[in-house]
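Data first, discussion second: the structure below is written as structure tokens.
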Amino acid sequence: MRPSLARALGPSLLLSSLLLSSLSACSRPQRAAPAPAQATNQDPVFQPAAPAGPMRCLPPAQPHAVVQAAREAEGFPSKSCLARAQALLSQMTLPEKVGQMLQADRTRVQGDQIARQAFGSILSGGGSGPEQNTPVEWARMVNGYRAQSLQSRLGIPLLYGVDAVHGHNNVGGAVIFPHNIGLGASRDAGLVQRIGRATALEVAATGVDWTFAPVVTAARDERWGRTYEAFGEAPELAEELGPALIRGLQGERLGARPDSVLACAKHYLGDGYTQGGRDQGNSVLSPEQLEREVLPAYRKAIASGVGSIMVSFSSVDGVKMHCHGPLLNDVLKGQLGFGGLLVSDWRGVEQLPGDALAQLASGINAGIDMVMAPSAHLGFLEQLAQLVPDRVPLARIDDAVTRILSVKCALGKLDGSRFARGPDGALALSKDLERVGSAEHRALAREAVRSSLVLLENSASLLPLKKSLRRIHVAGSHADDIGNQSGGWTIKWQGQPGAITEGTTLREAVQAAVAPGTEVSYSLDGSGAEGADVAIAAIGERPYAEGHGDDARLELPPAGRELVTRLKAAGLPVVVVLMTGRPLLLGELPRTADALVAAWLPGTEAQGITDVLFGDHGFTGKLPHSWPRTLEQVPINVGDASYDPLYAYGFGLSYAPAASPSPAASPARR
């Protein structure tokens, strides 16, 4: 076991690196932070929060050679891969080394750039894919880019990256699993690992070998637009479920199986702690908090063999993480012994102080190995080469490239035999393409959905419902809409309402679950419900991702509340199914609804919901977040000095399957 961070760093290094502004390498004039956004998820363009004080950078304290020694002692990558990487490095020119440190967006790459300039990686930004969004066309597209990289002078293949954050969610027809907030409600590490395994198989089948997942932060403020990407508010959830997903994606050892996919723990560091829940904002964290709450999830991710880590857009105490040398280089690579590659976020280096050269120098010297430069990749290649050796030591470049090549070696990408070719000489399509969207994976997603559901209210034991009721009325914005049901990061970056991919809606799942003689009626607004035995209202948030989802009000959309009122006025008992990326303020809803279920963002397999509503399975999910009564309580987290939530962290009613419909013992609602 490694010594604690405080002992390893000595009494002053970490504290001084975080708090002493005199160590700042660069700054810009102070500007005031904007007022909290109001319903930012309605805005067409997201603007990151301005820092509350001067934006600063901090240089690392440790020399890169010390970091290299720590990495070799850690045992990942293997000594054989390090040797292979260093042998390749000895043959490379400076432009080729710089090329390996670039990750460009596929939409900006032209002609023979990949081969001529030895690109290290290509990515599909959210929603960026082939014109025909099918698994086969994805595989052909990725193979085309990889074939170009194999034509470079040294034939080093590129890594192809995507945000496969709840299944292979960019690809039409792939299975969409519940977002991580739902998996946090399941508390089931084995299930999460199986989801990672299924996701890896679908991702690898399309030729992609890198996913920017999982988020391993604790989401400490529900106003944050990425709350649903985290497993919950408690660091322990990220510490347990993050490594489970990593093991599923990569395998017990990166590259041990052909469909091993490079995972990426993110966003290092503190992104779930930003003030006001502002995406890309500033986190104020004491060294004790870092040691106790934030770093353990990264320690465990590293222990699980994670091959890459992504840097956070956020700042820590006013220091931008993309140029925070003490935390990137000294702590992550030195003290924690991270041996993989450290990648920037989308244009993250471009947010640093100074001109383009100063930004690159600060970011690379701080410890970034690969720069995601989607729109300025040619400028990156020229500018970084200009900085060596006067402003960026060649040793730092060599360390970065060694890490990148070592990870490629661990994945088996430096072994030419891993790339099968067809009769025409082109890279062959994977035989596993037929398993993308398979019945087996859909069954797993269905299991994940029912494991994630949390029963908040069940007045007069309305649930479970009988399948033989005369008539059930289904209503609401999320009742018959795969896009709303799946949320952001689904086919498109921000997600989108509508029939955007294959799957089963809640309305379809209800129809499939009931007895042949039961009528299932439907209306979007609840009209026509009169005379039904019960109503199921599916309501929630519209899809969003990242900063577009920052929301200072946390209000349940008025149309949802009005729908429930309308159904109650029709004289029906009402089951409300909430499809949201976080706890929202519910107002009178807990007293209006007869049963209330948190279904989070369940993905494409809504039959997991009806499995539980109709009693084939019991409710087992427990809240991964404290549920606030009022906005004044936000942020609210278990352990707060004043803690009086509407529903406590870990709360969840339950009942046995249909043979015994009476509610079982459960935690008390607070």
Side-chain angles (χ1 to χ4, degrees), residues 46 48 97-110 113-114 117-129 142 145 149 158-165 170 208-215 226 229 261-269 271 279-280 306-315 320-324 328 332 338 340-352 356-357 359-384 387 392 396-397 400-401 403-405 407-408 489 493 545-547:
F46 168 64
K97 294 176 182 179
V98 169
Q100 285 297 301
M101 295 173 67
L102 168 68
Q103 184 173 66
D105 185 75
R106 58 165 291 274
T107 62
R108 301 302 181 101
V109 175
Q110 298 177 353
Q113 291 175 351
I114 293 174
Q117 297 175 301
F119 286 9
S121 181
I122 298 288
L123 84 154
S124 281
S128 173
V142 174
Y145 290 122
S149 69
L158 56 77
L159 294 172
Y160 200 100
V162 299
D163 286 277
V165 298
N170 295 288
V208 175
D209 41 30
W210 189 3
T211 173
F212 308 125
V215 168
R226 304 191 81 142
E229 292 188 60
V261 169
L262 177 63
C264 184
K266 65 183 188 183
H267 305 84
Y268 185 85
L269 175 134
D271 52 335
D279 197 38
Q280 306 187 22
V306 71
S308 70
I309 289 176
M310 182 179 288
V311 185
S312 175
F313 280 123
S314 63
S315 303
K320 292 290 288 185
M321 278 306 308
H322 274 72
C323 60
H324 202 313
L328 297 183
L332 180 63
F338 175 57
L341 71 90
L342 188 61
V343 63
S344 79
D345 209 333
W346 181 276
R347 300 182 65 180
V349 171
E350 297 173 44
Q351 292 187 15
L352 300 181
L357 290 174
Q359 291 168 344
L360 270 179
S362 296
I364 301 300
N365 284 330
I368 293 173
D369 301 312
M370 181 176 282
V371 174
M372 193 183 293
S375 58
H377 59 284
L378 296 181
F380 166 85
L381 295 170
E382 297 172 0
Q383 291 155 1
L384 183 53
L387 293 170
V392 175
R396 171 75 272 268
I397 300 296
V401 177
R403 290 171 177 272
I404 293 164
L405 295 178
V407 168
K408 290 183 177 183
W489 293 109
W493 172 39
E546 298 189 63

Practice item. Applying side chain to side chain contact (heavy atoms under 4.5 Å, CB included), run through V261 and V208 and close with a yes or a no. Key: CA-CA 8 Å; V261 169; V208 175; 5.9 Å; no

Practice item. Starting at CG of L381, measure out to CD of Q117 and round the result to the nearest 0.5 Å. Key: 5.0 Å

Exercise for review: Starting from the C-alpha separation in whole Å, work towards a yes-or-no answer on side chain to side chain contact (heavy atoms under 4.5 Å, CB included) for D209 and V142.
Suggested key: CA-CA 10 Å; D209 41 30; V142 174; over 6 Å; no

Review point. By side-chain hydrogen bond (donor to acceptor under 3.5 Å, both in side chains), which residues pair with E350, not counting sequence neighbours?
Key: R347

Revision key, fill the gap. On a heavy-atom basis, the closest approach of A213 and A164 is CB-O, 3.8 Å

Practice item. Any chance you could lay out the side chain to side chain contact (heavy atoms under 4.5 Å, CB included) test for D345 and V311, step after step, and finish with the verdict? Key: CA-CA 6 Å; D345 209 333; V311 185; 6.0 Å; no

Practice item. Specify the closest pair of heavy atoms between V165 and K266, including all atoms of both residues, with the distance to one decimal. Key: CG1-NZ, 4.2 Å

Review point. Any side-chain heavy atom of V349 sitting closer than 4.5 Å to one from L360?
Key: yes

Revision key, fill the gap. Heavy-atom closest pair (G127 atom, N170 atom, distance to 0.1 Å) is N-OD1, 3.3 Å

Point to revise | Non-hydrogen side-chain atoms of F338 and L328 separated by less than 4.5 Å | key: no

**Study point:** Atom pair CD1 (I309) and CD1 (I368), whose distance is rounded to the nearest 0.5 Å
**Key:** 12.5 Å

Exercise for review: State, to 0.1 Å, how close V215 and E229 come at their nearest heavy-atom pair, and which atoms those are.
Suggested key: CB-O, 3.4 Å

Practice item. Scan K408, Q103, Q100 and name whichever one has a side-chain hydrogen bond (donor to acceptor under 3.5 Å, both in side chains) with S121. Key: Q103

Check your understanding: Closest approach of S312 and L269, non-hydrogen atoms and distance?
Key -> CB-N, 3.5 Å

**Study point:** Separation of I404 CD1 from L158 CG (nearest 0.5 Å)
**Key:** 12.0 Å

Check your understanding: Is any side-chain heavy atom of R226 closer than 4.5 Å to a side-chain heavy atom of W489?
Key -> yes

Check your understanding: Hey, are the side chains of S314 and Q280 touching, using non-hydrogen atoms and a 4.5 Å cut-off?
Key -> no

Review point. Where do S308 and W210 land on the side chain to side chain donor-acceptor pair (under 3.5 Å) test, with the steps shown first?
Key: CA-CA 9 Å; S308 70; W210 189 3; 3.0 Å; yes

Practice item. Considering non-hydrogen atoms only, spot the tightest contact between L341 and L159 and give its length. Key: CD2-CD1, 4.3 Å

Review point. Are any of the side-chain heavy atoms of L123 and V162 separated by less than 4.5 Å?
Key: no

Study note, to complete from the structure: Between the OH atom in Y160 and the OG atom in S124, the distance rounded to the nearest 0.5 Å is 2.5 Å

**Study point:** Partners meeting side-chain hydrogen bond (donor to acceptor under 3.5 Å, both in side chains) with Q113 (sequence neighbours left out)
**Key:** H377

Exercise for review: Determine, step by step, whether Q351 and H322 satisfy the side chain to side chain contact (heavy atoms under 4.5 Å, CB included) criterion, reporting the C-alpha distance in whole Å, the side-chain angles of both residues, the deciding distance to 0.1 Å, and the verdict.
Suggested key: CA-CA 9 Å; Q351 292 187 15; H322 274 72; over 6 Å; no

**Study point:** Min side-chain heavy-atom separation F313-D271 under 4.5 Å
**Key:** no

Check your understanding: If you round to the nearest 0.5 Å, how far is CG of L357 from CD of Q359?
Key -> 9.0 Å

Check your understanding: What's the spacing between L102 CG and M370 CE if we round to 0.5 Å?
Key -> 8.0 Å

Exercise for review: Would you mind reporting whether D369 and M101 have side-chain heavy atoms less than 4.5 Å apart?
Suggested key: no

Point to revise | Under 3.5 Å: donor-acceptor pair, side chain of D105, backbone of P374 | key: no

